[in-house]
Amino acid sequence: MRILLRVKPGASRTAVGGRYDGAAGPALVVAVAARAVEGQATKAVLDAIAAAFGVRRSAVTLVRGATSRDKLVEIQGDDTEIRPRLERLLGRLGDRDA
């Protein structure tokens, strides 16, 4: 399943949850403590997404947006498990789950 993300680098802590309505459609908000330097934030985002969806890190692939706040990732796994979790995460505002 492919998921749009809106990244907030340099946050006080890592958090996955909330909705960002951008030009490409609704995106899942991912805040990471890592700075957007030399791919550190992107790596932290992929780690946070894997943890939030309960999959291995190797199941999460960056499709687009290596140097952008807007990213597209693909999560390998059972859509019947991923989709409900995505819906819950999109509904969260400010939760600290990662």
Side-chain angles (χ1 to χ4, degrees):
M1 168 181 275
R2 289 187 173 192
I3 300 173
L4 289 170
L5 306 177
R6 177 65 173 197
V7 177
K8 295 183 176 183
S12 61
R13 64 180 76 153
T14 298
V16 177
R19 180 185 191 109
Y20 174 79
D21 292 315
L28 178 63
V29 176
V30 181
V32 293
R35 297 278 176 200
V37 177
E38 297 178 5
Q40 293 174 12
T42 298
K43 181 187 177 310
V45 165
L46 298 177
D47 292 344
I49 288 296
F53 283 89
V55 297
R56 294 180 191 201
R57 171 54 188 86
S58 60
V60 180
T61 306
L62 180 67
V63 176
R64 180 178 68 229
T67 61
S68 173
R69 284 180 176 236
D70 298 313
K71 299 185 184 306
L72 178 65
V73 296
E74 183 163 353
I75 302 175
Q76 299 294 323
D78 185 359
D79 280 1
T80 61
E81 293 178 17
I82 295 171
R83 188 170 304 282
R85 194 170 292 204
L86 174 61
E87 293 300 322
R88 283 192 305 272
L89 289 169
L90 282 169
R92 292 183 179 170
L93 296 175
D95 280 1
R96 299 294 188 230
D97 296 342

In Å and rounded to the nearest 0.5 Å, what is the [atom1] to [atom2] distance from [X] to [Y]?
| X | Y | atom1 | atom2 | result |
| --- | --- | --- | --- | --- |
| L28 | R19 | CG | CZ | 10.0 Å |
| R2 | I82 | CZ | CD1 | 13.0 Å |
| L46 | I49 | CG | CD1 | 8.0 Å |
| L4 | R64 | CG | CZ | 6.5 Å |
| K43 | R57 | NZ | CZ | 7.0 Å |
| I3 | L86 | CD1 | CG | 4.5 Å |

Taking all non-hydrogen atoms of both residues into account, name the closest pair between [X] and [Y] and its distance.
| X | Y | answer |
| --- | --- | --- |
| T14 | A33 | OG1-N, 3.8 Å |
| Q40 | A34 | O-CB, 3.7 Å |
| A41 | A36 | CB-CA, 3.9 Å |
| P84 | D79 | CD-O, 4.0 Å |

Under the side chain to side chain contact (heavy atoms under 4.5 Å, CB included) criterion, do D70 and R6 qualify, and how do the steps go? CA-CA 5 Å; D70 298 313; R6 177 65 173 197; 2.9 Å; yes
Do [X] and [Y] share a hydrophobic cluster, counting only Ile, Leu, Val, Met, Phe, Trp and Tyr and linking them when any side-chain heavy atoms are less than 4.5 Å apart?
| X | Y | value |
| --- | --- | --- |
| V45 | V63 | no |
| V29 | V73 | no |
| Y20 | F53 | no |
| V16 | L72 | no |

Counting only N and O atoms by type, is there a donor-acceptor contact under 3.5 Å from the side chain of K71 to the main-chain atoms of L5? no
Do the side chain of R85 and the main chain of A52 share a donor and acceptor less than 3.5 angstrom apart? yes
I want to check something: taking the side chain as every heavy atom from C-beta on, are Q76 and S58 in contact at a cut-off of under 4.5 Å? no
